[in-house]
Amino acid sequence: EGGEGGEGEGGGGGVAEQRRLAAAFVRACRVARALNAVRAPEVGLLLTRLQYGALGPERVVRTLLARHAHLLAARLCELLGLSEMKVAVVHHWGKAKIGGAAASLS
C-alpha cells in the first residue's frame with residue numbers, strides 16, 4: 001500500500017495546514033512588497049523586517065503621511081488590507097491638498 005495520492009514524506013498536515021501555510025506565505029510576500037516600496041530611493045524609509053514588525057503597518061503608513069507620500073500610503077493600505085487606515089489616508093491627503101491650495105492663494 002504505497003501512498004496517499006502522491007503525499008510523499010513530510011508532505012502531510014492536511015488541507016487546513018496547507019491553507020495556513022499558504023496564507024502565511026501571502027502575508028510574507030505582501031510585507032516584502034511593502035518594505036521594498038518604502039525602501040525606494042525616492043521614499044528613503046530604510047526599515048528592516050524586524051523594525052517593520054515592531055512598528056506595525058499603521059505606524060509605517062502614518063510615517064508616510066508625515067512625509068506627504070499619500071499615494072504610497074494609500075497603496076500600502078490596499079496591499080495590506082488596512083481599509084480603516086485608508087480612509088484616514090484619504091482624509092489626510094484631502095486636508096493637505098486643501099491646505100496647499102489655500103496657501104497658494106495667499
Side-chain angles (χ1 to χ4, degrees):
E1 285 146 68
E4 299 275 328
E7 285 207 39
E9 297 171 16
V15 174
E17 178 67 9
Q18 289 176 353
R19 286 186 179 153
R20 187 188 67 75
L21 290 173
F25 178 75
V26 169
R27 276 192 307 273
C29 288
R30 288 181 176 164
V31 168
R33 288 183 66 193
L35 285 172
N36 284 339
V38 299
R39 289 175 182 158
E42 58 273 10
V43 180
L45 190 59
L46 302 176
L47 286 177
T48 66
R49 172 66 181 95
L50 286 174
Q51 290 169 329
Y52 173 85
L55 292 172
E58 292 87 2
R59 184 100 180 253
V60 173
V61 169
R62 282 192 211 102
T63 302
L64 291 172
L65 291 179
R67 294 172 174 226
H68 297 280
H70 297 100
L71 181 58
L72 179 56
R75 287 186 175 159
L76 284 185
C77 288
E78 288 177 9
L79 177 68
L80 301 172
L82 305 171
S83 56
E84 289 182 23
M85 192 73 192
K86 185 173 180 190
V87 172
V89 167
V90 172
H91 179 77
H92 187 277
W93 197 351
K95 284 175 58 177
K97 284 289 187 183
I98 291 170
S104 69
L105 292 175
S106 50

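Residue pairs meeting the side chain to side chain donor-acceptor pair (under 3.5 Å) criterion with at least one member in residues 74-87, sequence neighbours excluded, are E78-K86. Applying the ring pair (Phe, Tyr, Trp, His ring centres under 6.0 Å) rule to pairs touching residues 59-80 yields H68-H70, H70-H92, H70-W93, sequence neighbours excluded. Listed by first and then second residue, the ring pair (Phe, Tyr, Trp, His ring centres under 6.0 Å) pairs involving residues 22-44 amount to none (not counting sequence neighbours).
In this structure R33 satisfies the side-chain hydrogen bond (donor to acceptor under 3.5 Å, both in side chains) test with no other residue, sequence neighbours excluded. In this structure R20 satisfies the salt bridge (Lys or Arg N to Asp or Glu O under 4.0 Å) test together with E17, sequence neighbours excluded.
Contact between A74 and V89 at its shortest, heavy atoms only, is N-CG1, 3.8 Å. Between A73 and V61 the shortest heavy-atom distance is CB-CG1, 4.0 Å.
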Using a 3.5 Å cut-off and no angle test, enumerate the donor-acceptor pairs between side-chain atoms of residues 45-55 and protein atoms at least two apart in sequence or in another chain.
{"from": "T48", "atom 1": "OG1", "to": "L50", "atom 2": "N", "distance (Å)": "3.4"}
{"from": "T48", "atom 1": "OG1", "to": "Q51", "atom 2": "N", "distance (Å)": "3.0"}
{"from": "T48", "atom 1": "OG1", "to": "Q51", "atom 2": "OE1", "distance (Å)": "3.4"}
{"from": "Q51", "atom 1": "OE1", "to": "T48", "atom 2": "N", "distance (Å)": "2.8"}

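Residues V60 and V90 do not share a hydrophobic cluster, defined by chaining ILVMFWY side chains whose heavy atoms lie under 4.5 Å apart. Clustering ILVMFWY residues whenever any of their side-chain heavy atoms sit less than 4.5 angstrom apart, transitively, puts V43 in the very cluster that holds M85.
Side chains of R39 and N36 form a contact here, defined as non-hydrogen atoms less than 4.5 Å apart.
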Stepwise side chain to side chain contact (heavy atoms under 4.5 Å, CB included) test for L76 and V38 = CA-CA 9 Å; L76 284 185; V38 299; 3.7 Å; yes

